[in-house]
Colleague: 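What follows is a single structure, and I will ask about it in a moment.
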Amino acid sequence: MIDPRLVREAPDLIRASQRARGLDESTVDAVVEADERRRATIARYDALRNEQKSLGKGVATAAGEERASLLARTKALSTEVKTAEAEQVAAADRARELLLSVPNIVADGVPPGAEENYVVLEHVGAPRDFAAEGFVPLDHLALGGLHKAIDTERGAKVSGSRFYYLTGIGARLELALVNLAMAHAAEGGFTPMIPPALVKPRAMEGTGFLGQAAQDVYRVESDDLYLVGTSEVPLAAYHSDEILDVADLPLRYAAFSPCYRREAGSYGRDTHGIWRVHWFDKVEMFVFTRPEDAAAEHERLLEREKDFLGLLELPYRVIDTAAGDLGLSAARKYDIEAWIPSREGYGELTSTSNCTDFQARRLGTRMRTGDGTAAVATLNGTLCSMARFIVAVLENHQQSDGSVRVPAALQPYLGGLDVLKPERG
RNA sequence: GGUGGCGUGUCCGAGCGGCCGAAGGAGCACGCCUCGAAAGCGUGUGAGGGUGCAAGCUCUCCGUGGGUUCAAAUCCCACCGCCACCGCCA
């Protein structure tokens, strides 16, 4: 939720943000109008309630005729107060509902417009020239078969399309990546966390996943719970309804959890292999900090992600996502896309968003400052999403004989293994 | 799943239906004292909204949602959560 004060004090700022995202500016007018109505009903209710309270106190001491007439008046007031309260609540609900529908204010410098308007900030490393090396690279599914590491057929048999089993070295590879990622996070001052992957509606709502993104979320109807699509959800909600001491900020967490996504509306897209799946595991970073430090913290998260791809010796590019492609909560988002040989292009491996105080306001996460309280800023960033990193590692480090070179940083987590050799038979 | 108990401010802990946003204590902040500190003494110390240049005035919040009443932290109902014991499962 954006700062309600903006509605009165800077509606043009909201309009500009809507425009950058390619959204309707007229919703701002509706929000302003609802806010005016809300305030008017509050004034009316307050006045009536004040009269009721002050007269009510007189009832206790009054006697005889005076008491009778007081009672008559207060009885009438009682009804009026109830009506006014109902109106006030309705107006407040309406105003809040509209306010909640407004996405976060786009940060300065974000490229405006739709998805394709992203800006490439930098390229790191160069894609391998397999032609020059004299062989045609295999895709990750072929490599996964060769190494008996990925089994999508049985995944489909047991759970349906877009499910898979990681087997043997595939499973070991995931565990190694998890441990490397967690170590890399701890080194950066992030507290390791293992959060619940099933959350209440409040947590889902507060993080902004029940709006446009609702169709992508698995819901467990029998218990009114949701399967999270990212541990950003349980991490963001971790400090909900809490007032944090500003001296404790920033709070940095790194969580390992499964992620579940319905992928509604992506039928037929990326159906090959485990690039786009309904479930994967992920190590995610999350930060609570002061709003004035959020932009700098965002750069830190990006650096940590870049370093991690560096450890895995993957060639990649960094993009500054266009306003129209930002989620509800994000003011700015950087994606890291690694070169994926089988796609003959770059594919998204990580994403880091600065949500400023947008999520925190919904979740009731505040900080105590010298003079009062204020919503904190929240940021999130992928450190390692297992399925896609496995794809990237297998494809980028494959050799002409089908073996796969293990990056030095990963070797200690695979018992010193430096090359994955195809299984025989 | 069953039975019983409990849910109050940062924490502990009081609270006859009106004078309770709420006693008392702890903690914290500031001041006094001290060479400095501790102790001691004094003062202050919840959040959110409306209105106002401001001082201020005012409304809401005592797990959540309903109800009774002129008036509810206080009475009634439902739900949620916590604790204990029993059952069940690991």
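Letters go in sequence order (proteins before strands), and every chain restarts at 1. Everything quoted here is computed from the prediction, not taken from an experiment.
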Colleague: Between A:Asn380, A:Asn104, A:Thr378, A:Thr365, which is the residue that forms a side chain to side chain donor-acceptor pair (under 3.5 Å) with A:Gln359?
Modeller: A:Thr378
Colleague: Paired with B:A71: which nucleotide, if any, by Watson-Crick or G-U wobble criteria at under 3.5 Å for both distances?
Modeller: none
Colleague: Quickly, which of A:Thr352, A:Asn354, A:Asp320 forms a side chain to side chain donor-acceptor pair (under 3.5 Å) with A:Arg332? Name it, please.
Modeller: A:Asp320
Colleague: If we take the P atom in both B:G13 and B:C61, what is their distance in whole Å?
Modeller: 25 Å
Colleague: In terms of heavy-atom contacts, does CD of A:Glu115 have more than 12 from other residues, nucleotides or ligands at under 6.0 Å?
Modeller: no
Colleague: Rounding to the closest angstrom, what is the interatomic distance between B:C53 and B:G40 at atom C1'?
Modeller: 44 Å
Colleague: Rounding to an integer number of angstrom, what distance separates B:G87 and B:C75 when you compare their C1' atoms?
Modeller: 35 Å
Colleague: What residues, two or more places apart in sequence or in another chain, satisfy side chain to side chain donor-acceptor pair (under 3.5 Å) together with A:Glu25?
Modeller: A:Arg19
Colleague: With rounding to the closest Å, how many angstrom separate the C1' atoms on B:C32 and B:A39?
Modeller: 14 Å
Colleague: Would the number of heavy atoms belonging to other residues, nucleotides or ligands and lying under 6.0 Å from OH of A:Tyr118 be above 12?
Modeller: no
Colleague: For A:Arg8, which contact category applies under a 4.0 Å heavy-atom criterion: base, sugar-phosphate, or nothing?
Modeller: sugar-phosphate
Colleague: Kindly write out the residues that satisfy ring-ring contact (aromatic ring centres under 6.0 Å, His included) with A:Phe358, not counting sequence neighbours, or none if the list is empty.
Modeller: none
Colleague: Once you apply the 3.5 Å cut-off to both distances, tell me the Watson-Crick or G-U wobble partner of B:C11, or none.
Modeller: B:G25
Colleague: Between A:Asp35 and A:Ile243, which residue's closest nucleotide on RNA chain B lies nearer the 5′ terminus?
Modeller: A:Ile243
Colleague: Rounded to whole Å, please give me the gap between CZ in A:Arg5 and P in B:G48.
Modeller: 11 Å
Colleague: When you compare B:A54 with B:G15, how far apart are their C1' atoms, in angstrom units rounded to a whole number?
Modeller: 37 Å
Colleague: For nucleotides 28-30 of chain B, list the nitrogen or oxygen atoms of the protein found under 3.5 Å from its nitrogen or oxygen atoms, one pair per line.
Modeller:
none

Colleague: Using the salt bridge (charged side-chain N to carboxylate O under 4.0 Å, His left out) definition, which of the options A:Arg366, A:Arg202, A:Arg362 pairs with A:Asp241?
Modeller: A:Arg202
Colleague: Does either side chain, that of A:Arg49 or that of A:Gln52, offer a donor lying less than 3.5 Å from an acceptor on the other one?
Modeller: yes
Colleague: Quick one: which protein N/O atoms are closer than 3.5 Å to N/O atoms of nucleotides 55-59 of chain B? Pair and distance per line, please.
Modeller:
{"from": "B:U58", "atom 1": "O3'", "to": "A:Asn50", "atom 2": "ND2", "distance (Å)": "2.9"}
{"from": "B:C59", "atom 1": "OP1", "to": "A:Asn50", "atom 2": "ND2", "distance (Å)": "2.7"}
{"from": "B:C59", "atom 1": "O4'", "to": "A:Asp46", "atom 2": "OD1", "distance (Å)": "3.4"}
{"from": "B:C59", "atom 1": "O4'", "to": "A:Asp46", "atom 2": "OD2", "distance (Å)": "3.4"}
{"from": "B:C59", "atom 1": "O2'", "to": "A:Asp46", "atom 2": "OD1", "distance (Å)": "3.0"}

Colleague: Using the P atom on both, measure B:C28 against B:C20 and round to a whole Å.
Modeller: 29 Å
Colleague: Quick check on B:G52: is either OP1 or OP2 less than 4.0 Å from any side-chain nitrogen or oxygen of A:Arg39?
Modeller: no
Colleague: Would you say the side-chain atoms of A:Glu395 and A:Ser342 include a donor-acceptor pair closer than 3.5 Å?
Modeller: yes
Colleague: Any pair with a residue in residues 88-106 of chain A that passes salt bridge (charged side-chain N to carboxylate O under 4.0 Å, His left out), sequence neighbours left out, goes on the list, sorted by first then second residue, please.
Modeller: A:Arg94-A:Glu97
Colleague: For A:Leu225 and B:C80, what is the distance between atoms CG and C1' respectively, to the nearest whole Å?
Modeller: 14 Å
Colleague: Quick one: A:Arg202 CZ to B:U64 P, roughly how many Å, whole number?
Modeller: 13 Å
Colleague: Between P on B:G49 and CG on A:Asp93, what's the gap in Å once rounded to a whole number?
Modeller: 16 Å
Colleague: Using the P atom in both, what is the distance from B:C33 to B:A73, to the nearest Å?
Modeller: 45 Å
Colleague: Searching all strands shown, indicate the nucleotide that pairs with B:C30 (Watson-Crick or G-U wobble; both distances under 3.5 Å).
Modeller: B:G42
Colleague: Which residue lies toward the 5' end of RNA chain B, A:Ser78 or A:Arg366, if each is placed at its nearest nucleotide?
Modeller: A:Arg366
Colleague: Could you identify the nucleotide paired to B:C79, looking across every strand shown and requiring Watson-Crick or G-U wobble geometry with both distances under 3.5 Å?
Modeller: B:G63
Colleague: Which residues pass the ring-ring contact (aromatic ring centres under 6.0 Å, His included) test with A:Phe288, sequence neighbours left out?
Modeller: A:His239, A:Phe286
Colleague: State, without any angle test, whether A:Lys282 and A:Thr382 hold a side-chain donor-acceptor pair at a distance under 3.5 Å.
Modeller: no
Colleague: In Watson-Crick or G-U wobble terms, both distances under 3.5 Å, what is the partner of B:C35?
Modeller: none
Colleague: In terms of side-chain heavy atoms of A:Gln52, which of B:U51, B:C70, B:A47 is nearest?
Modeller: B:C70
Colleague: Using Watson-Crick or G-U wobble geometry with both distances below 3.5 Å, tell me the partner of B:C53, or none.
Modeller: none
Colleague: Side chain of A:Lys82: nearest nucleotide among B:C70, B:U69, B:G50?
Modeller: B:U69
Colleague: Round to the nearest Å and state the distance from A:Glu36 atom CD to B:U51 atom C1'.
Modeller: 15 Å
Colleague: Taking the P atom in each of B:G4 and B:C77, what is the distance between them to the nearest angstrom?
Modeller: 13 Å
Colleague: Rounded to whole Å, please give me the gap between CD in A:Glu85 and P in B:G65.
Modeller: 11 Å
Colleague: Considering every strand shown, what is the Watson-Crick or G-U wobble mate of B:C16 when both distances are under 3.5 Å?
Modeller: none
Colleague: Figure out the CG/C1' separation between A:Asp241 and B:C61, and round it to whole Å.
Modeller: 13 Å
Colleague: Atom CG of A:Leu363 to atom P of B:A47: distance rounded to whole Å?
Modeller: 20 Å
